[in-house]
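A short worksheet on the structure shown next.
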2 protein chains.
Amino acid sequence: MRLADLPEVRAIHLFRSMEEETFNSIFKAAYFQTFPEQVDLIEEGNPADFLYVVVEGCVELHAKANGRETTMAMVLPVGTFILAAVLNDSVYLMSARTCQKSRILMIPSQDIRAAIEKDKAFAAAIIRELANCYRAVVKEHKGLKLRSAVERLANRLLRYNDAQGGSGSLLLPFDKRTLASLLGMAPENLSRAFNTLKPYGVVVDGSTVHLTDIKALKMLAKPNSLIDDRVI
Amino acid sequence: MRLADLPEVRAIHLFRSMEEETFNSIFKAAYFQTFPEQVDLIEEGNPADFLYVVVEGCVELHAKANGRETTMAMVLPVGTFILAAVLNDSVYLMSARTCQKSRILMIPSQDIRAAIEKDKAFAAAIIRELANCYRAVVKEHKGLKLRSAVERLANRLLRYNDAQGGSGSLLLPFDKRTLASLLGMAPENLSRAFNTLKPYGVVVDGSTVHLTDIKALKMLAKPNSLIDDRVI
DNA sequence: TTTCTCAATTGATAAATATCAAGTCAAATA
DNA sequence: TATTTGACTTGATATTTATCAATTGAGAAA
């Protein structure tokens, strides 16, 4: 890793509170690289050699079984992925590929584990990050089990609207195929779900969506902070 | 907590490697109680005041939204629940109720967080436990998105068979209503799924299930260690 | 034993979701 | 400009899953 990049990395919340010595020891053997889009970073089943941090861009976590494949999550800056596999010294449960040109930090697993042993502040930061990841999956799982496809889409739109300033106009952060997979439905059904939401003021224009009747949409979506809130 | 119970608690993997001093500080204000079945221990949305450890019995984690309710997980001895909420000092995402008479350890959240600050060995044990919980939910989520209801049941039966010695006869660990909810299907569909599996050697007798043609069942189920294996 | 209760099953039907096959449209390319 | 490409949409249909209603059956209570 280049010396010039260190200050930027040091500013990331995960690495901000750790001791200087731990920081240096970790980033001796770390990589900080820019990947083009559609690069497969890791494959499920392989041993967890690195912890990954998305600094810029976007990474899709996906998984397959039988012949099917599904998008499990999208990792945006600044987010980690595959943390649990690293901590457990186990294999990856998900594959990862860039879906944009992305700057990715890669830290050898053994260095992460050693740093946790040494550095309480870093251990605390890792615990917070891992707990957040856990809660995010639980929320996803609740959404999938407790909501229909249309409800999942409606709540997702409300969430993106909030995250983008709540103006009533939002940009879908990835293509519809990916969004459909993330929401657990076929691409065709995403189109139909958008149509179902038309009477609730959802106007789609390419990857822009206008919400013209948020009150009605919320009535249908029944948002629930224990599913939709990314902070709690 | 009674003095006589301390050795038993000390033997639990989570508390085995921690320092004596930390151990004593934690269990000063802890509760170790036996609850009858069907007791609501916590409710989703409430602040996480305690970390719970199931020492004997069984606890159902469930969640609701809209009018629906679903079983999220069953916690067997010795397992924790609601760890992430405790670590994040946040609210519970799931509710919990005993489904048998159960001995439960309850440790005040702030004591857990203080102990992590102080005690590296305990922090390491907590990280391992949390990472395992995370991976368990990811596997559940993969199963739900990538498999049909019949496949989920088939794999679950194979898993219980393995866990119970692989004799080809297994006891369903909870009633079928709960199993159905856990597997993400209606109770009626669980019955039908069992019927669908009959040609694959699945013979149901109350809560006992015999697997008379494991090879055929595996052919249908296509078990996948990255979903079904609880150890990896 | 008989009755009662409740989980589980079965049947009929409805709703949700997936699949297959065209078709549309806009951006990229020639 | 014409063409190609690929994502998205739409329609028709099949499959999966849920719901409602009725029935069964085993264990608990009388």
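Computed from a predicted model, the values in this text were never measured in an experiment. Proteins come first, then strands; the chains are lettered A, B, ... in the order of their sequence lines, and each starts at number 1.
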Open item on the list: Is a donor from one side chain sitting under 3.5 angstrom from an acceptor on the other, for A:Thr80 and A:Glu129?
Closed with: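 Short answer, yes.
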
Open item on the list: Under a 3.5 Å cutoff, is there a donor and acceptor pairing between the side chains of B:Asp205 and B:Thr208?
Closed with: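 Short answer, no.
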
- [ ] Using a cut-off of strictly less than 4.0 Å, decide whether A:Asn195 has a side-chain nitrogen or oxygen near OP1 or OP2 of D:dT9.
- [x]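 No, outside the criterion.
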
Task: Under 4.0 angstrom between A:Asn189 side-chain N/O and C:dA18 OP1 or OP2 - done: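 True: A:Asn189 side-chain N/O within range (under 4.0 Å) of C:dA18 OP1/OP2.
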
Task: Atom-pair distance (CG on B:Leu190; C1' on D:dA18), nearest Å - done: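 Value for this atom pair: 14 Å.
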
Open item on the list: With the threshold set at under 4.0 Å for non-hydrogen atoms, list the residues of residues 139-160 of chain A touching DNA chain D in residue-number order.
Closed with: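 Contacting residues: none.
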
Open item on the list: I need the residues from residues 168-187 of chain A with at least one non-hydrogen atom less than 4.0 Å from DNA chain D; give them sorted by number, or say none.
Closed with: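 Here the set is A:Asp175, A:Lys176, A:Arg177.
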
Task: Residues A:Asp5, A:Arg2: salt bridge by 4.0 Å N-O rule - done: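 Here A:Asp5 pairs with A:Arg2 in a salt bridge, since their nearest N and O are under 4.0 Å apart.
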
Task: Salt-bridge criterion met for A:Arg147 and A:Glu140 (N-O under 4.0 Å) - done: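 Salt bridge between A:Arg147 and A:Glu140, a charged N being under 4.0 Å from a carboxylate O: no.
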
Open item on the list: Atom NZ of residue position A:Lys222 - does it have more than 12 heavy atoms of other residues, nucleotides or ligands inside 6.0 Å?
Closed with: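 More than 12 within 6.0 Å, yes.
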
Open item on the list: Atom CZ of residue position A:Arg177 - does it have more than 12 heavy atoms of other residues, nucleotides or ligands inside 6.0 Å?
Closed with: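 Check fails, neighbour count at 12 or below.
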
Open item on the list: Could you check whether any side-chain heavy atom of B:Leu172 comes within less than 4.5 Å of a side-chain heavy atom of B:Val204, counting everything from C-beta outward?
Closed with: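 Not in contact.
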
Task: Within-4.5 Å side-chain heavy-atom neighbours: B:Phe174 and B:Met74 - done: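 Sidechains of B:Met74 and B:Phe174: in contact.
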
Open item on the list: For a quick test of reading the model, state the closest non-hydrogen atom pair linking A:Leu183 to A:Arg152 and the distance between them.
Closed with: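 Closest heavy-atom pair between A:Leu183 and A:Arg152: O-NE, 2.6 Å.
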
TODO: Mind listing the residues from residues 62-74 of chain A sitting with a heavy atom below 4.0 Å of DNA chain C? Number order is fine.
DONE: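 Contacts with DNA chain C under 4.0 Å: none.
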
Task: Expected output: side-chain A:Ser169 to main-chain A:His210 donor-acceptor under 3.5 Å - done: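 No; zero donor-acceptor contacts below 3.5 Å.
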
Atom pairs, N/O to N/O, protein against nucleotides 20-25 of chain D, distance under 3.5 Å?
residue: D:dC20; atom: N4; partner: B:Glu188; partner atom: OE2; Å: 3.1

TODO: Begin with the C-alpha distance, continue with both residues' side-chain angles, and end with the deciding distance and a verdict on salt bridge (Lys or Arg N to Asp or Glu O under 4.0 Å) for B:Lys142 and A:Glu44.
DONE: CA-CA 12 Å; B:Lys142 284 175 68 172; A:Glu44 59 177 309; 3.0 Å; yes

Open item on the list: With side-chain hydrogen bond (donor to acceptor under 3.5 Å, both in side chains) as the rule and sequence neighbours excluded, what pairs involving residues 46-67 of chain A come up?
Closed with: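 Applying side-chain hydrogen bond (donor to acceptor under 3.5 Å, both in side chains) to every pair that reaches into residues 46-67 of chain A, excluding sequence neighbours, yields A:Glu56-A:Arg103, A:Glu60-A:Thr71, A:Glu60-A:Arg97, A:His62-A:Glu69, A:His62-A:Arg97, A:Asn66-B:Glu151.
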
Open item on the list: Suppose the criterion is side-chain hydrogen bond (donor to acceptor under 3.5 Å, both in side chains): which pairs have a residue in residues 194-204 of chain B, not counting sequence neighbours?
Closed with: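 Applying side-chain hydrogen bond (donor to acceptor under 3.5 Å, both in side chains) to every pair that reaches into residues 194-204 of chain B, excluding sequence neighbours, yields B:Asn195-B:Lys198.
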
